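Taking it in order: structure first as structure tokens, then the write-up.
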Protein chains: 2
Amino acid sequence: MRITKKQILQTASDIADQDGLSGVSLKAVAAALQIRTPSLYNHIDSLEGLLLEVAHSGMREINHQITQTTVGISGDTAIQSAGEAYLCFMIAHPGVYETIQWATWHQNNETEQILSDYHCLMGKLVLSCGLNIAELDPVVRLLEGFLHGYATQQLGSALAQPDVAFADMSSALDVVLLGIHQKYQ
Amino acid sequence: MRITKKQILQTASDIADQDGLSGVSLKAVAAALQIRTPSLYNHIDSLEGLLLEVAHSGMREINHQITQTTVGISGDTAIQSAGEAYLCFMIAHPGVYETIQWATWHQNNETEQILSDYHCLMGKLVLSCGLNIAELDPVVRLLEGFLHGYATQQLGSALAQPDVAFADMSSALDVVLLGIHQKYQ
DNA sequence: AATCAAAACTAATCTAATTAGTATTTTAGC
DNA sequence: GCTAAAATACTAATTAGATTAGTTTTGATT
């Protein structure tokens, strides 16, 4: 009958994916876990705190997926794989992704730490392209910005037609990489 | 003593810019207008409906600004101007921009209409580059995705250092345009 | 078996959205 | 100007959900 924090996070994430961010309430989470709402406070600070943790968990998972999928590969291929993993997460967990968006407006230290890990990871991938880059930051920001923006924009159609979304994203990323290669050859 | 819908929208937008999306409540809007909360229902459907209208109003304003700033210019210059106008709006109205993000997860017919206008507008700018493009859509999506993602990502630092943000965005956009020119020359 | 801390519960409070119903004011037609 | 209709404001009441306070139960450890 005892509940763990992990279960709470998982339940909240599931509800988000099913009903959207606005569907996540302490009432709904408690009901799904078959406990009373106030009992949640033995594990969490507040609804906002829980949502932030859902977001963090998702962000870490994206970092993890990108890391896994790019082990042993480099250059454009690696960056394409990263994009694929990113889109893949978004399609599998639209509600968590929405929560991540929300979290970017409610950042705390931990959010920044995870983002920093992400920047570091993408930086390594960019470096693996072997380009003549003086400053890594601008390139990383460009790639991350594109990834986020393109994926978000395509979410609607991506849920309906994942295959098309992957192909489209790959083509678009190719164009971006083309520009990067051109500039930093 | 009478209140107009315009005033309500303006007040809600101002509160959003000042306190963030989560600061917009019917209570706060009513207080700022010096009326009682239920009186708002003579003009709006619900809090969610009001937020959607705030978002729509902001989206139309972005379309308008881009239109204005690109009158009489074409090609990369026009696209750079569009990006500048976009970033400019975001810096001036971060709360409304946050509401627009939120609205993308709560779209309705009107949202889609405004987005469609935006696609059309960006399409014209891309066409003005005089490239050899068979399908306009992918290029428009790439540009829009980049703009949205890059601007959003930079919001934090852009509020602190607008000048830097404009310069960075312009450089990044140059790279994207370089890739587009390369591919569709 | 006794104890202590964690975690569940019930009961109560608080905030904010929303609804119902009433009064007032503006507008339009005469 | 005067009246009826419509719009808009108000008060009062309801509802939902987060949060807090205080109590009881549970489970691990001695």
Side-chain angles (χ1 to χ4, degrees), chain A residues 1-57 95-96 98-103 105-108 110-111, chain B residues 1-57 95-96 98-99 101-103 105-108 111:
Chain A
M1 200 209 259
R2 284 264 162 115
I3 298 298
T4 65
K5 187 154 191 173
K6 206 169 194 175
Q7 281 178 289
I8 295 178
L9 274 180
Q10 186 61 55
T11 303
S13 297
D14 290 347
I15 293 175
D17 286 336
Q18 178 127 30
D19 306 328
L21 174 57
S22 65
V24 182
S25 66
L26 294 187
K27 190 186 172 90
V29 172
L33 289 166
Q34 295 189 291
I35 59 174
R36 302 310 170 112
T37 310
S39 305
L40 289 171
Y41 285 88
N42 288 312
H43 306 275
I44 63 171
D45 284 340
S46 62
L47 172 58
E48 184 163 324
L50 172 59
L51 293 177
L52 212 42
E53 290 197 77
V54 167
H56 290 162
S57 159
V96 175
E98 183 185 358
T99 310
I100 293 174
Q101 310 295 81
W102 171 86
W105 301 88
H106 297 80
Q107 296 197 20
N108 68 7
E110 193 167 358
T111 323
Chain B
M1 202 209 259
R2 283 265 162 114
I3 297 298
T4 65
K5 187 154 191 173
K6 206 169 193 174
Q7 282 178 289
I8 294 177
L9 273 181
Q10 185 61 55
T11 303
S13 298
D14 290 346
I15 293 174
D17 286 335
Q18 179 127 33
D19 306 328
L21 174 57
S22 64
V24 182
S25 66
L26 294 186
K27 189 187 173 92
V29 172
L33 289 166
Q34 296 189 293
I35 60 173
R36 301 311 170 112
T37 310
S39 306
L40 289 170
Y41 284 89
N42 288 309
H43 306 274
I44 63 170
D45 285 340
S46 62
L47 172 59
E48 183 164 325
L50 172 58
L51 293 177
L52 213 42
E53 291 197 77
V54 167
H56 290 161
S57 161
V96 175
E98 183 184 358
T99 309
Q101 309 295 82
W102 171 87
W105 301 87
H106 297 79
Q107 296 197 21
N108 68 6
T111 323

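Heavy-atom basis, side chains included; hydrogens, waters and symmetry copies ignored. Note that the structure is predicted; figures quoted are calculated from it, not measured.
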A:I44 CD1 to D:dT19 P, in whole Å, measures 7 Å
So which of residues 11-38 of chain A are in contact with DNA chain C, with a heavy-atom cut-off of under 4.0 Å? A:I35, A:R36, A:P38
Shortest non-hydrogen contact from B:Q7 to B:R2? OE1-O, 3.7 Å
Contacted region of DNA chain C by chain A, from 5' end to 3' end of the hits, cut-off under 4.0 Å to heavy atoms, spans C:dA6 to C:dA11
Look up atom OG1 in B:T4 and atom NE2 in B:H43, then write down how far apart they are to the nearest 0.5 Å. 7.5 Å
Close side-chain approach of B:T37 to B:V29, heavy-atom, < 4.5 Å: no
Rounded to the nearest 0.5 Å, how far does OG of A:S22 lie from CD of B:E48? 6.5 Å
Which atom of A:W102 lies closest to which atom of A:L51, heavy atoms considered: CZ3-CB, 3.6 Å
Quick check on DNA chain D: between A:Y41 and B:I3, whose nearest nucleotide comes earlier from the 5' end? B:I3
Shortest non-hydrogen pair, A:I15 vs A:A32, comes out as CD1-CB, 4.5 Å
Write down the distance between CG (B:N42) and P (D:dA5), rounded to a whole number of angstrom. 20 Å
Is there a side-chain contact between A:I3 and A:N42 (heavy atoms, below 4.5 Å)? no
Heavy-atom nearest pair, A:A28 first then A:G23, reads CB-O, 3.9 Å
Indicate for each nucleotide in nucleotides 23-30 of chain D, in 5' to 3' sequence, whether protein heavy atoms under 4.0 Å reach the base (B), only the sugar-phosphate (S), or nothing (-). ---BS---
Can you spot which of A:D17, A:L21, A:V24 makes a side-chain contact (heavy atoms from CB on, under 4.5 Å) with A:E98? A:L21
Less than 3.5 Å apart, any donor N or O on the side chain of A:N108 or A:T111 sitting next to an acceptor on the other? yes
